[in-house]
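Read through the structure below, which is laid out as structure tokens, and then see the notes.
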Amino acid sequence: MGDSSIDAGPFEAFFDGWIVRHENFVDELLRAQQSYDESWEDAIRGLISRVLAHLQEYYQEKSRMIQRDVFLVFSPPWFTALERTFFWIAGFRPQLAFSLVMRSVNDFTEDQSQRIQRLRHDVEMEAEMLAEELARVQESVAAPPVAELGRQVGRRVVNGGEIRHLDAMPPEQLRSKMENLLIDADSLRRRIVQEVVNILSPAQNMRFLGDAIQLHLRIRELGRQREVEAELLHQQQINGW
């Protein structure tokens, strides 16, 4: 069974602050791109290291939330509905990183191109295995989609109600398997970013990481706008407008 009073508040507070730092980092990356000089590569490497530490901080906090309630993490209320449509096992799709790399970087060396393609092939195989494991877990217990379980929790959190239980809560074995699956998926996501960064030059990394953060922030802003518009429409309907 879930915790008697699941509270996502501490994580949401962390995430709000993390998004502010996310915005600050994209500003730094864009300024660095505009004034880039090869003599500044040490400073650029320092900036890239800080961006990677910032991303790692998110995954560390997320892992703690996974231990508290993995189903909530599968449909987290701290993300907009639009952001969640891009999810794969409660996070970004591995293919997205490679699409961003190919869009952001147009000056690969032959060696870089080959290394990116090898990494992409390895990642696709691992992602396929994780997707198959998710399907097996759900089929083995005849469970509803995990994201739906997460939405059940998310609605209760958003509505401010205390969560006593989940309807038709799957056995504890399912919870453990889902925790392991999500941890493996996040491990793959972290590996992708780290290995891509290791392949690219400092100048290329500025473009890749800057574009990745900007894309996330654009999707998030659009998702928030849609939620505001939907709430206004709902209020108009209530008021008979």
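When reading the values below, keep in mind they use all heavy atoms of this one structure, side chains included, and skip hydrogens, waters and symmetry mates.
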With [X] via side-chain contact (heavy atoms from CB on, under 4.5 Å) - residues at least two apart:
X: E110; value: Q114
X: N198; value: Q194
X: R190; value: Q56, Y59, D186, S187
X: R103; value: L100, D211, R218

Under 3.5 Å: donor-acceptor pair, side chain of [X], backbone of [Y]:
X: E61; Y: F15; answer: no
X: Q204; Y: V105; answer: no
X: R21; Y: H54; answer: no
X: S63; Y: Q60; answer: yes
X: S99; Y: Q95; answer: yes
X: W18; Y: E57; answer: no

For [X], give me all partners under salt bridge (charged side-chain N to carboxylate O under 4.0 Å, His left out), at least two apart in sequence or on another chain.
X: E221; value: none
X: D16; value: none
X: R50; value: E28

- Item | Residues in side chain to side chain donor-acceptor pair (under 3.5 Å) contact with R207, at least two apart in sequence or another chain | D107

Minimum heavy-atom distance [X]-[Y], with the two atoms named:
X: P202; Y: I48; value: O-CD1, 3.7 Å
X: A90; Y: L182; value: CB-CD1, 3.7 Å
X: R84; Y: P77; value: NH1-CA, 4.1 Å
X: W88; Y: L188; value: CH2-CD2, 4.3 Å

- Task: Answer with yes or no after comparing the ring centroid distance for F11 and F14 against a 6.0 Å cut-off, counting only values under it.
- Result: yes

Please examine the side chains of [Y] and [X], heavy atoms only from C-beta on, and report whether any two atoms are closer than 4.5 Å.
X: F86; Y: L96; result: no
X: T109; Y: S201; result: no
X: E227; Y: L82; result: no
X: I213; Y: V51; result: yes
X: I66; Y: M178; result: no

Less than 3.5 Å apart, which donor and acceptor atoms pair up between the side chains of residues 118-133 and the rest of the protein, not counting sequence neighbours?
residue : atom : partner : partner atom : Å
E126    : OE1  : R191    : NH1          : 2.9
E133    : OE1  : R136    : NE           : 3.3
E133    : OE1  : R136    : NH2          : 2.7

- Output, in order, the C-alpha distance, side-chain angles, deciding distance and verdict of salt bridge (Lys or Arg N to Asp or Glu O under 4.0 Å) for E179 and R175. CA-CA 6 Å; E179 287 175 357; R175 179 185 297 277; 5.0 Å; no

- Query: Considering residues at least two apart in sequence or located in another chain, which fulfil the ring-ring contact (aromatic ring centres under 6.0 Å, His included) criterion with F87?
  - Reply: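 Scan of F87 (ring-ring contact (aromatic ring centres under 6.0 Å, His included), adjacent residues dropped) gives F79.
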
Which value, rounded to the nearest 0.5 Å, describes the distance between [X] atom [atom1] and [Y] atom [atom2]?
X: N24; Y: I19; atom1: CG; atom2: CD1; value: 11.0 Å
X: Q112; Y: Q117; atom1: CD; atom2: CD; value: 12.5 Å
X: R45; Y: L47; atom1: CZ; atom2: CG; value: 12.5 Å
X: K177; Y: L174; atom1: NZ; atom2: CG; value: 8.0 Å
X: L200; Y: I116; atom1: CG; atom2: CD1; value: 5.5 Å

- Task: May I ask you to check whether over 12 heavy atoms, not counting those of R224, lie within 6.0 Å of atom CZ?
- Result: no

- Output every pair passing ring-ring contact (aromatic ring centres under 6.0 Å, His included) with a member in residues 90-115, not counting sequence neighbours, ordered by first then second residue.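 Listed once each, the pairs would be none.
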
- Message: With ring-ring contact (aromatic ring centres under 6.0 Å, His included) as the rule and sequence neighbours excluded, what pairs involving residues 206-227 come up?
- Response: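 Listed once each, the pairs are H22-H216.
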
- Derivation of the side chain to side chain contact (heavy atoms under 4.5 Å, CB included) call for I192 and V196: CA-CA 6 Å; I192 292 168; V196 167; 4.3 Å; yes

- Message: side-chain hydrogen bond (donor to acceptor under 3.5 Å, both in side chains), that's the test. Do S176 and Q173 meet it? Break it down for me.
- Response: CA-CA 5 Å; S176 177; Q173 182 181 8; over 6 Å; no

- Less than 4.0 Å between a side-chain N and a carboxylate O, is that true for D27 and R31?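 No salt bridge links R31 with D27.
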
- Task: Using the side-chain hydrogen bond (donor to acceptor under 3.5 Å, both in side chains) rule, take E83 and T80 through it: C-alpha gap first, then chi angles, then the decisive distance, then the call.
- Result: CA-CA 5 Å; E83 287 173 290; T80 65; 3.1 Å; yes

